2 protein chains.
Amino acid sequence: MNQKITIRDVAKYAGVSPATVSYVLNGVKKVSDETKYRVLEAVKELNYQPNFTAISLSKRKSNMIGVMLPLVDDSLATIFKENHYYSEVISGIEYVSRKNGYDILISGAGNPEDCKNWITKRNLDGLLFLGTFSENLYKEMKTLSTPIVLIDTYEEYAKHYHNIHVDDELGGYLATKHLLQLGHRSIGFVAHRLTNSPVDTKRFIGYNKALAEANISVNQELIFEGHDSSFENGYRMGEKVLALGDKLTAVFATSDILALGIMKALNEHGKQVPHDYSIVGFDDLTISNYSTPSLTTVRQDVFKKGVVSAETLIQAIEGKIQTLARIHLPVEIVKRDSTSKR
Amino acid sequence: MNQKITIRDVAKYAGVSPATVSYVLNGVKKVSDETKYRVLEAVKELNYQPNFTAISLSKRKSNMIGVMLPLVDDSLATIFKENHYYSEVISGIEYVSRKNGYDILISGAGNPEDCKNWITKRNLDGLLFLGTFSENLYKEMKTLSTPIVLIDTYEEYAKHYHNIHVDDELGGYLATKHLLQLGHRSIGFVAHRLTNSPVDTKRFIGYNKALAEANISVNQELIFEGHDSSFENGYRMGEKVLALGDKLTAVFATSDILALGIMKALNEHGKQVPHDYSIVGFDDLTISNYSTPSLTTVRQDVFKKGVVSAETLIQAIEGKIQTLARIHLPVEIVKRDSTSKR
DNA sequence: GTGAAAGCGCTAACAC
DNA sequence: GTGTTAGCGCTTTCAC
């Protein structure tokens, strides 16, 4: 009973043709002020709501953008559960989209085919990729003309799309530098999964750089690599750190989640942070300020990341951007209680 | 160049009419096996992707469901940032939806009008409400015939819709009972916001019940009420707890986030959990297992909640459900290190 | 300035 | 069994 009101009803009510109503609604052509007024009145009177589906079909523009997330075990659960980072990016995306009249569709990425089909089936105006996907997927997507923005991607193929990151290398540098300044010489590096994560690789480069500046050579023994960014994984890495005894006095973990897991493991084995080990994380999740001890970390503005990504995508969709964007958001070190002088 | 392939192309390729293709694709009417085969071949050959927009317009069914979340400061950021609970529900919703051929649209709830318009504009097949909204909104939505599932709602008006909760009252009871069994007699109750949160009210009833069974009368002084479910709020409540000195020895908080904030405050003021205070939370977020000390809490299966909600909604959409669903998911107490004998 | 009408890609009577 | 055709609600040439 709500859905019933069509452009035709409005036209009839205003005593004009459907075309005219459409003109007014789209701000197109020169419609006389008087008819325009009549139409607008009718729209208000009837509480007319344009049917986006029809518009979408007619204009080939859906005003919807797709947000692709990596799937773990065929579900988003792990990703959301273990790293609330993602949901925070999404809130930024949602905010900008809503303000610009776009809706967001969220889906886990299946194979490249599904992904392509999703776009055509749903008439998506643009796509946002959050996280790392297979190179294959990026290649496949290239055959589409839909604007795509990649978040946190450094892969070779990523160059063909708009890119948003934070300054991961600087983050790694700052974290390590901070530990060095506190007098630590043997600093562990715990990555989510180094071999396969360009983000962590960048942070690793920063780590190396800081060490080099301090004339410390990288000790492969102190490089730990897990499987994912989960507390559980962090906990396991923490146990590995413990196994090395006093071979190291500090750890830089590439995510807060990892750092928190490490702290837990150290703690349970009778070690004190920061007395026995100094720990630095990355992200600055809200929880990191409320852990015991509170976590020293590299802050990135995750909401902002979502905002900028969505803004870039929408600009691309609306043709307001010509070249490929390549945006680096700043990071900063936040000193709290998980680090102290050696 | 992908979008180009329409049902007409397929029809031509298979040497049949568009209608026949449609029949085959929709499994409708009796099409001879032979033509069916030819059509399917053509579909495969051409990699035909049905245009959902067109289907949506024609069938008045979008295969999209809307997920409404409460807005704080006009953004979802707070809600996602402070309570990763929501994203976990969403993963459950996403999983079921994807498996059933539905896409999910996520949006913050503005006013009731916007919400109604969203449905009609986007042709949404159903709506999922996560959290508490104004009574007004529920009333407004009643004028629509779109199926709606409410999650975590106990409001009077909620009765007109499908409802999914966990057994909040039992959860409150179990938490309190656990503390009583440990010998605590003065147990604080910290709510997110009692007056306005039916969920917390239920948990409060459980708390009262357990106390009554132990012949302990409720002490109003021990009831704390905040503004939201944030670490920050928990921290403030923790300070209030501290101010009461030894008037209480244990606290039941209605969310893990709150509990974690409380622990932080206690900790920073030199108190030991569980030695000085026993703390019980609610939710069993992943972080709760990795905090120091790990948190005793009432577990609810949040992913499952999302799954059941989406299943219910989809069944309602597809007419496979006649009466209003009213589902209570189980809870259980998970004993960890934040509680100990008095 | 405004309107008639074709068409976006698909569905579903209805006819054959 | 299969095809014709009239919509679904909107946009957009192209006349007037």
Side-chain angles (χ1 to χ4, degrees), chain A residues 1-40 42-43 46-64 101 117 119-125, chain B residues 1-40 42-43 46-64 101 117 119-125:
Chain A
M1 74 198 205
N2 216 317
Q3 180 63 302
K4 288 250 179 87
I5 296 142
T6 80
I7 205 170
R8 248 180 282 274
D9 299 320
V10 177
K12 206 167 290 173
Y13 192 94
V16 296
S17 80
T20 304
V21 177
S22 174
Y23 294 150
V24 173
L25 261 29
N26 291 289
V28 127
K29 288 214 178 171
K30 40 215 171 132
V31 179
S32 76
D33 282 351
E34 203 241 308
T35 24
K36 188 182 290 180
Y37 177 80
R38 286 222 314 282
V39 169
L40 260 17
V43 166
L46 269 36
N47 184 31
Y48 166 70
Q49 295 298 329
N51 180 325
F52 276 35
T53 308
I55 296 177
S56 182
L57 183 60
S58 181
K59 282 204 195 165
R60 273 77 173 275
K61 180 160 187 316
S62 60
N63 269 269
M64 296 196 297
N117 294 342
I119 297 187
T120 65
K121 283 198 286 206
R122 284 286 182 206
N123 234 287
L124 299 180
D125 294 343
Chain B
M1 75 199 207
N2 217 315
Q3 180 66 302
K4 288 251 179 85
I5 296 141
T6 81
I7 205 169
R8 249 180 280 274
D9 299 319
V10 177
K12 206 168 290 173
Y13 191 94
V16 296
S17 80
T20 305
V21 176
S22 175
Y23 295 149
V24 173
L25 262 27
N26 290 290
V28 127
K29 289 217 176 169
K30 44 226 165 118
V31 179
S32 77
D33 283 350
E34 203 242 307
T35 24
K36 187 182 292 178
Y37 176 80
R38 285 221 315 281
V39 169
L40 260 17
V43 166
L46 268 36
N47 184 32
Y48 166 69
Q49 296 297 330
N51 181 326
F52 276 34
T53 308
I55 295 178
S56 182
L57 184 59
S58 181
K59 280 203 197 166
R60 272 77 171 279
K61 179 162 189 315
S62 61
N63 269 270
M64 295 197 298
N117 294 343
I119 297 188
T120 65
K121 282 199 285 207
R122 283 288 181 204
N123 234 286
L124 299 180
D125 294 343

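Naming convention: chains lettered A, B, ... in sequence-line order (proteins, then strands); numbering from 1 in each chain. Only heavy atoms go into these numbers, but all of them, side chains included; no hydrogens, no water, no symmetry mates. None of the values given here were measured: they were computed from a predicted structure.
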Quiz prompt | Polar pair under 3.5 Å, donor/acceptor by atom type, side chain A/Tyr23, base C/dG3 | solution =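 Yes.
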Under 4.0 Å between a side-chain N or O of [X] and OP1 or OP2 of [N]?
X: B/Thr20; N: D/dG3; value: yes
X: B/Thr35; N: D/dT2; value: yes
X: B/Ser17; N: D/dG3; value: yes
X: A/Arg60; N: C/dG9; value: yes
X: A/Ser32; N: C/dT2; value: yes

message: Both B/Glu34 and A/Ile55 contact DNA chain D. Taking the nearest nucleotide for each, which residue is further toward the 5' end?
response: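 The residue closer to the strand's 5' end, by nearest nucleotide, is B/Glu34.
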Expressed as a whole number of angstroms, how long is the span from [X]:[atom1] to [N]:[atom2]?
X: A/Asn123; N: C/dG9; atom1: CG; atom2: C1'; result: 10 Å
X: A/Arg38; N: C/dG1; atom1: CZ; atom2: C1'; result: 12 Å
X: A/Lys4; N: D/dC8; atom1: NZ; atom2: P; result: 12 Å
X: B/Asn51; N: C/dT11; atom1: CG; atom2: P; result: 10 Å
X: B/Asn63; N: C/dT11; atom1: CG; atom2: C1'; result: 14 Å
X: B/Ile7; N: D/dT4; atom1: CD1; atom2: C1'; result: 14 Å
X: B/Arg122; N: D/dG9; atom1: CZ; atom2: C1'; result: 15 Å

message = For B/Val28 and A/Lys59, find the nucleotide of DNA chain C closest to each by heavy atoms; which residue's nucleotide sits nearer the 5' end?
response =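 Closest to the 5' end, via its nearest nucleotide, is A/Lys59.
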Where the side chain of A/Ser22 is defined as all heavy atoms beyond and including C-beta, which of D/dT2, D/dT12, C/dG9 is the nearest nucleotide?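 Shortest atom-to-atom distance from the side chain points to D/dT12.
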